[in-house]
Amino acid sequence: MVEHHLAHAASAFHPSGFDEAAVLVVDGSGDGVSATLAHGTADGLTVLRPFSQSLGWFYETVAEHLGLGNWTSSGKLMGLAGYGNPDGYTLDFLTARAGGSSRRS
């Protein structure tokens, strides 16, 4: 059996065409891990660091809030994200400042 995040990393790295790359996998939780940083080379993938805190759970909560369904719906949001137009939205509670910092209004 292949570990959940290692399977994700392999499916991204191996067909990528890169000889070497950093591979970041982030999801809700797979095999008890929420994110994994790996190093891919021609010899394979080496997991550098697994993370247990989950940005994926936040993503799933957003999908539910948007009415896309229960916790299994985050894949729909991920698929739709590529069709979005970020210029069409404003975050009126967050203002960008020079140097990349931000502040709440």
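Count residues from 1 along the sequence.
Considering only heavy atoms from C-beta on, H8 stays 4.5 Å or farther from V23 through its side chain. F51 places none of its side-chain heavy atoms less than 4.5 Å from the side chain of T36.
Clustering ILVMFWY residues whenever any of their side-chain heavy atoms sit less than 4.5 angstrom apart, transitively, puts V47 in the very cluster that holds V25. F18 and L48 fall into different hydrophobic clusters, where Ile, Leu, Val, Met, Phe, Trp and Tyr residues are linked whenever their side-chain heavy atoms come under 4.5 Å apart, directly or through other members.
Contact between P15 and A10 at its shortest, heavy atoms only, is CD-O, 3.6 Å.
Atom OG1 of T41 is separated from atom CG of D19 by 9.5 Å, given to the nearest 0.5 angstrom. Residue E3 holds its CD atom at 11.0 Å from CG of L45, rounded to the nearest 0.5 Å.
For the side chain to side chain contact (heavy atoms under 4.5 Å, CB included) with H5, the lone residue among L24, V26, L37, V33 that qualifies is V33.
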